[in-house]
Amino acid sequence: MQPVPLVTLLSVLGLACSLDNGLMRTPPMGWLAWERYRCNTDCTNDPDNCISEHLFRAMADRLAEDGWRALGYEYVNIDDCWTSKKRDAQGRLQPDPKRFPSGIKALADYVHAKGLKLGIYGDMGLYTCGGYPGTTLDTVQIDAETFAEWGVDMLKLDGCYSNDSMKAEGYPKMSAALNATGRPIAYSCSWPAYQGGLPPQVNYTQLGEICNLWRNYGDIQDSWDDVLNVIDWFGRNQEVLQPAAGPGHWNDPDMLIIGDFGLSYEQSKVQMALWAVLAAPLFMSNDLRSISDKAKEILQNQMAISINQDRLGLQGVRMLKDKYFEVWKRTLSKGEYAVAFLLTANDGTPRPYLANLAKLYIVDCRLGYKVYDVFDSSFLGIFTLIDVIYLKINPSGVVLLHISPVCV
């Protein structure tokens, strides 16, 4: 990391306590365009899938009408490539007039009328990653004010075409500017992903004071290998990452790709299970107009969502990793737990796994625990601390258990 000038450091310290917006006390949920739709601006040949107000209105319709909103999926998030190539005469960002002819304020009004929230994208740099106008230090205030005037509910601030000192000053400065608007705007920072995701380059104490969530790692791609890489990175670095997360400030392992092209049914359950255990934001990036019933069933699983949304806000940790299996555990409120048993082998044979509560360090209630299989929606029984819980896990699959104490 480049040395930061003293003036910049003083500026950062002065803004470090600026975030006090009371938002995202549980991980946010919704839909985000990037992984599925990228920077598709060809509305002539692909009008239903290009980055346009038509796309975001369509996804808002589906969230409101197909049961998503009722489960907590409330954000409709624009990503890169929504702006014109130049700011307007007053120096403000402006949407592409052909693809967003009604403007962002009208889109926000449409989304709000559906009982949903609108998220937008910016970049702390000269340009966005797609080459559109970025937010520089001298435009932070006007951009924050513009987003507030439009009725935006969330800002994702990327970090392309920037440098270390610009990010160190700019990300805290945007946090303060958003709060100064008086409009509650949740703030997603991509800063740590550009600094390697780990200390000493990343200060998670500071991030928790200025951001509601942050991207730690690279962009997820539509593949099983990418999902495993993200899971493993969070497991290897959990001693740093787990304490950083909590109500109002979350680690973000990136979008849910369930319902796209790269994951099997079993692998889709893995991503949902691990994102629930990690207390991760649940931002789908898929086509809600044509999503399969099986993918929808996974994403709308109420017990998996309740695990993710547990108000204690503790991120889960990896307890075991061997040649074939990983075991992840999350402590929930009311003495409850969630445990995910992941089989990473893909040799075609479901494998048995023998667990018991004592080995999982779930021992507070001596009378035993009620155990539910989340994705099978089945009650497995009441188990004492030493009873064997027999599981069978499919290749590249998962069994997610919800475990609650018998003790009152």
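None of the values given here were measured: they were computed from a predicted structure. All residue numbers in this chain count up from 1 along the given sequence.
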remark   = Rounded to the nearest 0.5 angstrom, the CG-CE distance for Asn163 and Met124 is 11.0 Å
task = May I have the step-by-step check of side-chain contact (heavy atoms from CB on, under 4.5 Å) for Val374 and Asn301, ending in yes or no?
result = CA-CA 8 Å; Val374 171; Asn301 184 289; 3.3 Å; yes
request  = Sequence neighbours left out, what passes ring-ring contact (aromatic ring centres under 6.0 Å, His included) with Tyr324? Give chain and number order.
outcome  = none
key: Test: Lys167 cationic atom under 6.0 Å from Tyr194 six-membered ring centre, within 45° of axis   = yes
query = Is any side-chain heavy atom of Leu63 less than 4.5 Å from a side-chain heavy atom of Lys114?
reply = no
task = Over all heavy atoms of both residues, which pair between Leu178 and Leu155 is shortest? Give the atoms and the distance, please.
result = CD1-CD2, 4.1 Å
ask   = Any ion pair linking Asp143 and Arg87 (charged N to carboxylate O, less than 4.0 Å)?
value = yes
From Leu312 atom CG to Arg330 atom CZ, the distance as rounded to the nearest 0.5 Å = 7.5 Å
message = Does Arg69 form a salt bridge (Lys or Arg N to Asp or Glu O under 4.0 Å) with Glu74? I'd like the steps, not just the answer.
response = CA-CA 5 Å; Arg69 180 188 61 197; Glu74 61 178 353; over 6 Å; no
query = Would you say Tyr337 and Asp364 make side-chain contact, with heavy atoms under 4.5 Å?
reply = yes
ask   = Just wondering, do Val399 and Asp376 contact through their side chains at under 4.5 Å, heavy atoms?
value = no
ask   = Looking only at heavy atoms, which two atoms of Lys323 and Thr344 are closest? And how far apart?
value = O-OG1, 4.0 Å
ask   = Given Gln221 and Asp226, is the side-chain hydrogen bond (donor to acceptor under 3.5 Å, both in side chains) satisfied, shown in steps?
value = CA-CA 6 Å; Gln221 307 299 323; Asp226 254 47; 4.8 Å; no
query = So does Glu149 pair up with Arg92, basic N to acidic O under 4.0 Å?
reply = yes
request  = Output the distance between atom SG (Cys43) and atom CZ (Phe100), rounded to the nearest 0.5 Å.
outcome  = 8.0 Å
query = Where do Asp123 and Tyr161 land on the side-chain hydrogen bond (donor to acceptor under 3.5 Å, both in side chains) test, with the steps shown first?
reply = CA-CA 8 Å; Asp123 186 284; Tyr161 298 101; over 6 Å; no
query = Between Pro352 and Tyr390, what is the shortest heavy-atom contact and its length?
reply = CB-OH, 3.6 Å
task = May I ask you to test the Arg99-Thr41 pair for a side-chain heavy-atom distance under 4.5 Å?
result = yes
query = For atom CG of Leu354, is the number of surrounding heavy atoms from other residues, nucleotides or ligands below 6.0 Å larger than 12?
reply = yes
message = Within a 6.0 Å radius of atom CD on Gln302, are there more than 12 heavy atoms belonging to other residues, nucleotides or ligands?
response = no
inquiry  = Run Leu116 and His112 through side-chain contact (heavy atoms from CB on, under 4.5 Å) and show every step you take.
reply    = CA-CA 5 Å; Leu116 302 166; His112 294 157; over 6 Å; no
query = Do you know which two heavy atoms are closest between Tyr73 and Leu299, and how far apart they sit?
reply = OH-O, 2.6 Å
Heavy-atom check, side chain of Trp275 versus side chain of Val230, under 4.5 Å = yes
message = I need the minimum non-hydrogen distance between Lys105 and Trp150, along with the two atoms involved.
response = CD-O, 3.2 Å
ask   = Does Tyr353 have its ring centroid less than 6.0 Å away from the ring centroid of Phe325?
value = yes
query = Got a second to check how far Thr26's OG1 is from Asp310's CG, nearest 0.5 Å?
reply = 9.5 Å
query = How about Lys359: does its NZ atom have over 12 heavy atoms from other parts shown lying under 6.0 Å from it?
reply = no
query = Is the count of non-hydrogen atoms from other residues, nucleotides or ligands lying under 6.0 Å from Lys334 atom NZ greater than 12?
reply = no
request  = Could you tell me whether Lys321 and Asp232 make a salt bridge, using a distance below 4.0 angstrom between a side-chain N and a carboxylate O?
outcome  = yes
query = Checking side-chain hydrogen bond (donor to acceptor under 3.5 Å, both in side chains) for the pair Asn40/Asp46: CA distance, chi angles, key distance, verdict?
reply = CA-CA 8 Å; Asn40 178 5; Asp46 198 9; 2.9 Å; yes
request  = Please check if any side-chain donor atom of Tyr121 sits under 3.5 Å from a side-chain acceptor atom of Asp158, or the reverse.
outcome  = yes
query = When you look at Tyr369 and Phe383, which way does the ring pair (Phe, Tyr, Trp, His ring centres under 6.0 Å) test go after all the steps?
reply = CA-CA 5 Å; Tyr369 288 79; Phe383 292 82; over 10 Å; no
message = Side chains of Gln238 and Phe234, heavy atoms from C-beta outward: is any pair under 4.5 Å?
response = no
key: Asn216 and Tyr204: CA distance, side-chain angles, deciding distance, side-chain hydrogen bond (donor to acceptor under 3.5 Å, both in side chains) verdict   = CA-CA 10 Å; Asn216 315 73; Tyr204 278 106; 2.9 Å; yes
task = Give the ring-plane orientation class for His249 versus Trp214, where under 30° counts as parallel, over 60° as perpendicular and anything between as tilted.
result = parallel
ask   = How about Tyr361: does its OH atom have over 12 heavy atoms from other parts shown lying under 6.0 Å from it?
value = no
query = In terms of side-chain heavy atoms, does Asp225 have a donor or acceptor partner in Ser223 at a distance below 3.5 Å?
reply = no
task = For the residue pair Asn21 and Arg183, confirm or rule out a side-chain donor-acceptor distance under 3.5 Å.
result = no
ask   = Which distance, rounded to the nearest 0.5 Å, do you find between the CG of Asp373 and the CG of Leu391?
value = 8.0 Å
message = Less than 3.5 Å apart, any donor N or O on the side chain of Glu145 or Gln141 sitting next to an acceptor on the other?
response = yes
ask   = Between Arg57 and Asp61, is there a side-chain N and carboxylate O pair less than 4.0 Å apart?
value = no
key: Ionic contact status for Glu297 with Lys294, cut-off 4.0 Å   = no
request  = Work out which heavy atom in Ala60 is nearest to a heavy atom in Tyr110; give both atom names and the distance.
outcome  = CB-CE2, 4.4 Å
query = Is Arg62 paired with Asp287 through a side-chain N to carboxylate O contact shorter than 4.0 Å?
reply = no
Step-by-step side-chain contact (heavy atoms from CB on, under 4.5 Å) determination, Asp387 to Asn356 = CA-CA 6 Å; Asp387 286 341; Asn356 71 49; over 6 Å; no
ask   = Does the side chain of Leu288 reach to within under 4.5 Å of the side chain of Asp66, using non-hydrogen atoms?
value = no
ask   = So do the side chains of Arg215 and Asn251 get within less than 4.5 Å of each other, counting heavy atoms only?
value = no
request  = Could you give me the CA-CA distance, side-chain angles and deciding distance for Leu32 and Asp79, then say whether side-chain contact (heavy atoms from CB on, under 4.5 Å) is met?
outcome  = CA-CA 7 Å; Leu32 197 158; Asp79 210 273; 3.3 Å; yes
request  = Give, for atom CG of Asp96 and atom CD of Glu53, the distance between the pair rounded to the nearest 0.5 Å.
outcome  = 10.5 Å
